[in-house]
Amino acid sequence: MSETPEEMFNKYYTHEDFARFKWRILHYMCDMCDKHGTFTETELFFHTRLRAYFDEKLNQEYLHGKRGTLYKLLMDHVMSCLERRNAVKKSLEYEYGGSEMVLYKKSEILENVCPEILKIGIGAQTSDLDRLLPQKQK
């Protein structure tokens, strides 16, 4: 019996992985300063080099047809966490190639903490993320 994309997602990715992904995305968005007002999911995925980590982590054990679903699950999870931290906002949702895609922009809160994110660099700890961008209480 083959694993579902959701089972594979939960099997291969840890809390630490997600914290690393979130930080890489935040660092990239901050590093772009005013060069970009918005960012597509695919831009964030490729320019933060999550693709290499994505492929390495899954060890090519997944079926080709699941690749797009796993990518979308990963990006939806990471970006919704960043939305709950008030770091990003959805700017536009659109369909591309049969998939729902999202265009994101930095929040004002992220703009304010960008200098510190850039100062910390890529090697941040989960505590840095929690300190600078705490999650909203539900």
Side-chain angles (χ1 to χ4, degrees):
M1 186 166 117
S2 179
E3 293 177 308
T4 67
E6 290 81 4
E7 290 168 334
M8 293 177 78
F9 179 79
N10 292 325
K11 176 180 174 180
Y12 287 100
Y13 294 103
T14 66
H15 177 72
E16 291 78 24
D17 293 332
F18 293 123
R20 186 177 306 116
F21 297 161
K22 290 174 218 173
W23 191 263
R24 290 181 79 101
I25 287 170
L26 293 172
H27 189 273
Y28 174 78
M29 291 175 88
C30 288
D31 195 37
M32 289 294 103
C33 300
D34 293 326
K35 295 177 189 173
H36 293 22
T38 57
F39 304 85
T40 64
E41 291 177 319
T42 51
E43 174 188 2
L44 294 170
F45 185 72
F46 286 102
H47 287 280
T48 58
R49 295 178 176 66
L50 293 186
R51 166 89 189 260
Y53 192 81
F54 179 80
D55 287 344
E56 176 188 318
K57 189 77 172 178
L58 291 172
N59 236 355
Q60 303 298 322
E61 293 178 18
Y62 55 95
L63 299 173
H64 181 70
K66 291 182 183 175
R67 179 184 206 107
T69 304
L70 288 168
Y71 151 79
K72 190 66 174 146
L73 281 171
L74 174 70
M75 290 307 291
D76 287 349
H77 178 79
V78 169
M79 297 311 289
S80 67
C81 288
L82 292 177
E83 279 185 282
R84 285 192 304 276
R85 291 176 181 273
N86 290 317
V88 299
K89 296 178 182 182
K90 288 181 181 176
S91 179
L92 176 70
E93 294 182 62
Y94 61 98
E95 189 170 322
Y96 180 77
S99 295
E100 291 295 320
M101 302 301 288
V102 182
L103 195 61
Y104 291 96
K105 64 181 179 177
K106 293 185 273 188
S107 71
E108 197 172 305
I109 293 169
L110 178 57
E111 288 282 356
N112 291 334
V113 298
C114 272
E116 193 161 350
I117 288 173
L118 292 171
K119 182 178 173 185
I120 294 169
I122 292 293
Q125 304 296 314
T126 303
S127 59
D128 293 317
L129 184 61
D130 291 338
R131 178 176 55 83
L132 294 172
L133 297 160
Q135 289 198 58
K136 289 191 275 188
Q137 298 298 319
K138 291 182 180 181

Which pairs of donor and acceptor atoms, one on a side chain in residues 117-126, lie under 3.5 Å apart (sequence neighbours left out)?
none

Listed partners of Cys81 passing disulfide bond (SG atoms under 2.5 Å apart), at least two apart
none
Spacing of Ile109 atom CD1 and Lys89 atom NZ [to the nearest 0.5 Å]
8.0 Å
Fit a plane to each ring of His77 and Phe18, take the angle between them on a 0 to 90° scale, and name the class: parallel (under 30°), tilted (30 to 60°) or perpendicular (over 60°).
tilted
When Leu82 is tested against each of Ile25, Leu133, Leu110 for side-chain contact (heavy atoms from CB on, under 4.5 Å), which residue passes?
Ile25
Identify the heavy atoms of Met29 and Lys106 that sit nearest to each other, and give their distance.
O-NZ, 3.3 Å
Evaluate side-chain contact (heavy atoms from CB on, under 4.5 Å) for Met32 paired with Phe39, printing each intermediate quantity in order.
CA-CA 10 Å; Met32 289 294 103; Phe39 304 85; 3.8 Å; yes
Any chance CD of Glu108 has more than 12 other-residue heavy atoms, nucleotides or ligands included, within less than 6.0 Å?
no
Side chain to side chain, Leu44 and Met79, heavy atoms closer than 4.5 Å:
yes
Okay, side chain of Lys90, backbone of Val102: is any donor-acceptor separation there less than 3.5 Å?
no
Using side-chain heavy atoms (C-beta onward) and a distance below 4.5 Å, is Leu129 in contact with Leu26?
yes
Any idea which heavy atoms bring Asp17 and Thr14 closest together, and the distance?
OD2-N, 2.9 Å
Met101 CE to Glu93 CD distance, which is reported to the nearest 0.5 Å
11.5 Å
Report the C-alpha separation of Thr40 and Tyr94 in whole Å, then their side-chain angles, then the decisive distance to 0.1 Å, and conclude whether the side-chain contact (heavy atoms from CB on, under 4.5 Å) test is met.
CA-CA 10 Å; Thr40 64; Tyr94 61 98; 3.7 Å; yes
Can you pull the disulfide (SG to SG under 2.5 Å) pairs that have at least one residue in residues 87-130, sequence neighbours excluded?
Cys30-Cys114
Ser107: side chain to side chain donor-acceptor pair (under 3.5 Å) partners, not counting sequence neighbours
none
Could you tell me which residues satisfy salt bridge (Lys or Arg N to Asp or Glu O under 4.0 Å) with Glu83, sequence neighbours excluded, listed by chain and number?
none
Who passes salt bridge (Lys or Arg N to Asp or Glu O under 4.0 Å) against Arg85, sequence neighbours left out?
Asp130
Are the side chains of Glu41 and Asp76 in touch, meaning some heavy atoms are under 4.5 Å apart?
yes
